[in-house]
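Take a look at the structure set out below.
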Amino acid sequence: MTANYDFSAFPTLETPRLILRELIADDDDAVYIIRSDIEVTRHNTGAPYTDIQQARTLISDIAWNYKDQSEIRWGITLKTDPSWVIGMCGYNYWIRRDQRVSIGYDLARAYWDNGIMTEALGAICRFGFEQMGLHRIEADVSADNPASARVLEKLGFKQEGRLREQYWEWGEFHDLLLYSLLRREFERGVP
(Lines give C-alpha, C1' and ligand atoms only; values in the text may rest on other atoms or scores of the structure.)
Protein backbone atom coordinates (compact mmCIF):
# COMPACT_ATOMS: atom_id res chain seq x y z
CA MET A 1 0.00 0.00 0.00
CA THR A 2 1.36 3.43 -0.87
CA ALA A 3 0.84 6.54 1.18
CA ASN A 4 -2.06 8.58 -0.13
CA TYR A 5 -2.34 11.22 2.59
CA ASP A 6 -1.23 14.56 1.18
CA PHE A 7 -1.44 16.98 4.16
CA SER A 8 -3.73 19.33 2.21
CA ALA A 9 -6.29 19.57 5.04
CA PHE A 10 -5.80 18.60 8.66
CA PRO A 11 -7.73 15.38 9.34
CA THR A 12 -10.26 15.47 12.17
CA LEU A 13 -10.90 12.01 13.62
CA GLU A 14 -13.89 10.87 15.66
CA THR A 15 -14.35 7.95 18.02
CA PRO A 16 -17.37 7.09 20.16
CA ARG A 17 -16.30 9.56 22.89
CA LEU A 18 -13.61 11.74 21.31
CA ILE A 19 -12.78 14.26 18.63
CA LEU A 20 -9.13 14.40 17.60
CA ARG A 21 -8.48 17.75 15.97
CA GLU A 22 -5.82 20.23 15.01
CA LEU A 23 -4.26 22.17 17.87
CA ILE A 24 -4.85 25.92 17.63
CA ALA A 25 -3.42 28.96 19.42
CA ASP A 26 -6.43 29.10 21.76
CA ASP A 27 -5.43 25.68 23.14
CA ASP A 28 -2.42 27.18 24.91
CA ASP A 29 -4.01 27.12 28.38
CA ALA A 30 -5.03 23.46 28.06
CA VAL A 31 -1.66 22.41 26.67
CA TYR A 32 0.10 24.29 29.46
CA ILE A 33 -2.01 22.54 32.12
CA ILE A 34 -1.13 19.14 30.63
CA ARG A 35 2.56 19.83 30.12
CA SER A 36 3.12 21.61 33.44
CA ASP A 37 1.87 18.62 35.48
CA ILE A 38 4.91 16.71 36.72
CA GLU A 39 2.92 13.45 36.86
CA VAL A 40 2.03 13.76 33.16
CA THR A 41 5.51 14.74 32.03
CA ARG A 42 7.50 12.52 34.38
CA HIS A 43 8.11 9.92 31.66
CA ASN A 44 8.44 12.34 28.74
CA THR A 45 11.63 13.96 27.54
CA GLY A 46 12.09 17.34 29.14
CA ALA A 47 11.02 19.02 32.34
CA PRO A 48 7.46 20.16 33.09
CA TYR A 49 6.54 23.51 31.58
CA THR A 50 6.94 26.55 33.80
CA ASP A 51 5.66 29.23 31.42
CA ILE A 52 2.67 29.33 29.08
CA GLN A 53 4.98 30.51 26.29
CA GLN A 54 6.34 26.94 26.18
CA ALA A 55 2.84 25.69 25.32
CA ARG A 56 2.49 28.36 22.63
CA THR A 57 5.83 27.36 21.15
CA LEU A 58 4.83 23.69 21.13
CA ILE A 59 1.56 24.45 19.32
CA SER A 60 3.44 26.59 16.80
CA ASP A 61 6.07 23.89 16.26
CA ILE A 62 3.38 21.23 15.75
CA ALA A 63 1.67 23.44 13.14
CA TRP A 64 4.98 24.14 11.37
CA ASN A 65 5.93 20.44 11.29
CA TYR A 66 2.52 19.58 9.85
CA LYS A 67 2.98 22.17 7.08
CA ASP A 68 6.46 20.73 6.52
CA GLN A 69 4.78 17.29 6.27
CA SER A 70 7.21 15.81 8.77
CA GLU A 71 4.76 14.98 11.57
CA ILE A 72 1.10 15.01 12.48
CA ARG A 73 -0.20 15.47 16.02
CA TRP A 74 -3.76 15.82 17.23
CA GLY A 75 -5.37 17.51 20.21
CA ILE A 76 -7.66 15.08 22.03
CA THR A 77 -11.06 16.47 23.09
CA LEU A 78 -14.23 14.96 24.47
CA LYS A 79 -17.25 15.15 22.16
CA THR A 80 -19.10 16.81 25.03
CA ASP A 81 -16.56 19.69 24.99
CA PRO A 82 -14.53 19.79 21.75
CA SER A 83 -13.14 23.23 22.62
CA TRP A 84 -10.98 21.94 25.54
CA VAL A 85 -7.93 19.78 24.84
CA ILE A 86 -7.41 16.99 27.38
CA GLY A 87 -4.42 15.37 25.69
CA MET A 88 -2.30 15.09 22.59
CA CYS A 89 -1.22 12.22 20.38
CA GLY A 90 0.34 11.75 17.02
CA TYR A 91 3.27 10.77 14.89
CA ASN A 92 6.54 12.41 15.88
CA TYR A 93 8.24 11.51 12.62
CA TRP A 94 7.35 9.77 9.36
CA ILE A 95 9.99 7.84 7.41
CA ARG A 96 8.18 7.49 4.09
CA ARG A 97 10.74 5.21 2.48
CA ASP A 98 10.25 2.64 5.25
CA GLN A 99 6.52 3.40 5.68
CA ARG A 100 7.00 3.83 9.44
CA VAL A 101 6.29 6.39 12.11
CA SER A 102 6.90 6.91 15.81
CA ILE A 103 3.85 7.48 18.00
CA GLY A 104 3.75 9.76 21.02
CA TYR A 105 1.02 10.78 23.46
CA ASP A 106 0.12 12.42 26.74
CA LEU A 107 -3.12 12.93 28.64
CA ALA A 108 -4.22 15.24 31.45
CA ARG A 109 -4.12 13.35 34.73
CA ALA A 110 -7.84 13.92 35.43
CA TYR A 111 -8.64 11.64 32.47
CA TRP A 112 -6.32 8.71 33.25
CA ASP A 113 -7.71 5.18 33.65
CA ASN A 114 -10.79 5.76 31.47
CA GLY A 115 -9.61 4.14 28.23
CA ILE A 116 -9.36 7.52 26.53
CA MET A 117 -5.80 7.12 25.28
CA THR A 118 -6.48 3.60 24.01
CA GLU A 119 -9.45 4.98 22.06
CA ALA A 120 -7.48 7.92 20.68
CA LEU A 121 -4.45 5.84 19.67
CA GLY A 122 -6.70 3.25 18.02
CA ALA A 123 -8.09 6.03 15.82
CA ILE A 124 -4.70 7.38 14.81
CA CYS A 125 -3.34 3.88 14.16
CA ARG A 126 -6.31 3.25 11.84
CA PHE A 127 -5.63 6.58 10.11
CA GLY A 128 -1.95 5.73 9.78
CA PHE A 129 -2.46 2.32 8.24
CA GLU A 130 -5.47 3.22 6.07
CA GLN A 131 -4.71 6.81 5.01
CA MET A 132 -0.94 7.13 5.26
CA GLY A 133 -0.13 3.65 3.94
CA LEU A 134 2.03 2.79 6.93
CA HIS A 135 3.66 -0.58 7.40
CA ARG A 136 4.93 -0.05 10.96
CA ILE A 137 4.16 2.16 13.95
CA GLU A 138 6.88 2.40 16.59
CA ALA A 139 6.71 3.54 20.20
CA ASP A 140 9.15 3.87 23.05
CA VAL A 141 8.04 3.86 26.66
CA SER A 142 9.87 4.34 29.91
CA ALA A 143 10.13 1.04 31.77
CA ASP A 144 8.95 3.06 34.78
CA ASN A 145 5.61 3.72 33.05
CA PRO A 146 3.67 0.42 32.96
CA ALA A 147 0.35 2.20 32.32
CA SER A 148 1.66 3.52 29.00
CA ALA A 149 2.95 0.07 28.04
CA ARG A 150 -0.49 -1.41 28.81
CA VAL A 151 -2.15 1.09 26.46
CA LEU A 152 0.11 -0.05 23.63
CA GLU A 153 -0.38 -3.73 24.41
CA LYS A 154 -4.19 -3.33 24.39
CA LEU A 155 -3.82 -2.06 20.83
CA GLY A 156 -1.72 -5.04 19.77
CA PHE A 157 1.74 -3.47 19.97
CA LYS A 158 4.51 -5.99 20.66
CA GLN A 159 7.51 -5.29 22.86
CA GLU A 160 10.66 -5.69 20.77
CA GLY A 161 13.37 -4.82 23.21
CA ARG A 162 14.70 -2.94 26.18
CA LEU A 163 17.39 -0.29 26.06
CA ARG A 164 19.02 -0.56 29.45
CA GLU A 165 19.75 2.72 31.22
CA GLN A 166 19.06 4.55 27.99
CA TYR A 167 18.33 8.02 29.37
CA TRP A 168 19.15 10.16 32.39
CA GLU A 169 16.37 12.01 34.18
CA TRP A 170 15.41 12.89 37.74
CA GLY A 171 18.88 12.04 38.97
CA GLU A 172 19.13 8.50 37.63
CA PHE A 173 19.29 6.36 34.49
CA HIS A 174 16.13 4.73 33.14
CA ASP A 175 15.41 1.82 30.81
CA LEU A 176 13.39 2.38 27.64
CA LEU A 177 11.04 -0.26 26.19
CA LEU A 178 10.63 -0.48 22.42
CA TYR A 179 7.27 -1.44 20.90
CA SER A 180 5.86 -1.76 17.40
CA LEU A 181 2.65 -2.58 15.58
CA LEU A 182 2.68 -3.88 12.00
CA ARG A 183 -0.14 -3.33 9.51
CA ARG A 184 -0.91 -7.06 9.26
CA GLU A 185 -1.24 -7.27 13.06
CA PHE A 186 -3.56 -4.28 13.07
CA GLU A 187 -5.68 -5.79 10.30
CA ARG A 188 -6.09 -8.96 12.37
CA GLY A 189 -7.90 -7.33 15.17
CA VAL A 190 -6.99 -3.95 16.57
CA PRO A 191 -10.14 -2.07 17.62
Side-chain angles (χ1 to χ4, degrees), residues 23 31-55 57-62 64-66 68 70-76 85-122 124-125 128-129 132 134-186 190:
L23 287 164
V31 170
Y32 178 71
I33 289 169
I34 295 165
R35 289 290 179 104
S36 64
D37 184 339
I38 192 168
E39 292 303 316
V40 173
T41 60
R42 179 175 305 282
H43 303 295
N44 290 351
T45 302
Y49 287 1
T50 57
D51 187 299
I52 196 160
Q53 185 57 45
Q54 293 170 288
T57 299
L58 176 65
I59 292 167
S60 175
D61 289 349
I62 288 170
W64 173 257
N65 290 333
Y66 180 80
D68 190 42
S70 61
E71 70 176 47
I72 180 169
R73 294 165 71 184
W74 289 265
I76 302 169
V85 171
I86 63 169
M88 295 170 283
C89 62
Y91 298 129
N92 300 322
Y93 62 75
W94 180 9
I95 309 297
R96 286 167 176 77
R97 180 180 167 275
D98 298 333
Q99 301 170 345
R100 67 182 168 94
V101 295
S102 173
I103 200 168
Y105 46 93
D106 47 19
L107 185 66
R109 190 177 354 166
Y111 299 94
W112 290 359
D113 299 320
N114 291 303
I116 287 173
M117 193 53 73
T118 304
E119 192 172 323
L121 294 185
I124 70 168
C125 287
F129 288 122
M132 297 170 67
L134 298 178
H135 174 73
R136 173 185 169 91
I137 300 173
E138 302 169 347
D140 56 60
V141 176
S142 171
D144 302 323
N145 191 356
S148 184
R150 279 193 303 276
V151 167
L152 294 171
E153 290 165 359
K154 285 179 194 174
L155 292 167
F157 280 75
K158 306 287 187 251
Q159 186 179 334
E160 295 184 323
R162 179 183 204 106
L163 300 176
R164 299 176 305 129
E165 299 183 8
Q166 196 267 349
Y167 68 100
W168 173 265
E169 199 148 45
W170 306 105
E172 63 185 326
F173 286 102
H174 301 270
D175 291 1
L176 193 67
L177 305 177
L178 305 178
Y179 281 85
S180 73
L181 178 64
L182 303 178
R183 181 186 315 139
R184 66 179 171 270
E185 295 165 340
F186 174 82
V190 171

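Quick note: numbers below take in every heavy atom, side chains included, and nothing from hydrogens, waters or symmetry partners. Predicted model, so just to flag it, every value in this text is computed and none were measured. Residue numbers count from 1 along this sequence.
Put simply, the side chain of Asp140 never gets that close to the backbone of Leu178: no donor and acceptor are under 3.5 Å apart. Without hydrogens or angle criteria, Tyr91 side chain to Ile124 main chain gives a donor-acceptor distance under 3.5 Å. A donor-acceptor distance shorter than 3.5 angstrom exists from the side chain of Ser70 to the backbone of Asn65, with no hydrogens or angles considered. Between the side chain of Arg183 and the backbone N or O of Leu134, at least one donor-acceptor pair lies under 3.5 Å. With hydrogens and angles disregarded, no donor-acceptor distance shorter than 3.5 Å links the side chain of Asn114 to the backbone of Ile116.
In this model, a donor atom of one side chain and an acceptor atom of the other lie less than 3.5 Å apart for Tyr167 and Ser142.
Between Asp106 and Arg35 there is a salt bridge, since a side-chain N of the basic residue sits under 4.0 Å from a carboxylate O of the acidic one. Between Arg42 and Glu39 there is a salt bridge, with a side-chain nitrogen of the basic residue lying less than 4.0 Å from a carboxylate oxygen of the acidic one.
Residue Trp64 qualifies as open at atom CH2: its count of foreign heavy atoms under 6.0 Å is 12 or below. Annotation for Asp113: atom CG does not count as buried by contact number, only 12 or fewer foreign heavy atoms lying within 6.0 Å.
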Applying side chain to side chain contact (heavy atoms under 4.5 Å, CB included), run through Thr57 and Tyr49 and close with a yes or a no. CA-CA 11 Å; Thr57 299; Tyr49 287 1; over 6 Å; no
Stepwise side chain to side chain contact (heavy atoms under 4.5 Å, CB included) check, Val31 with Met88: CA-CA 8 Å; Val31 170; Met88 295 170 283; 4.1 Å; yes
Criterion side chain to side chain contact (heavy atoms under 4.5 Å, CB included) on Lys154 and Leu121, from CA distance to verdict: CA-CA 10 Å; Lys154 285 179 194 174; Leu121 294 185; over 6 Å; no
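Glu185 CD to Cys125 SG: the interatomic distance, rounded to the nearest 0.5 Å, is 11.0 Å. Note that CG of Asn92 is 11.0 Å distant from OH of Tyr105, once rounded to the nearest 0.5 Å. Atom CG of residue Asp98 and atom CD of residue Glu138 lie 8.5 Å apart, to the nearest 0.5 angstrom.
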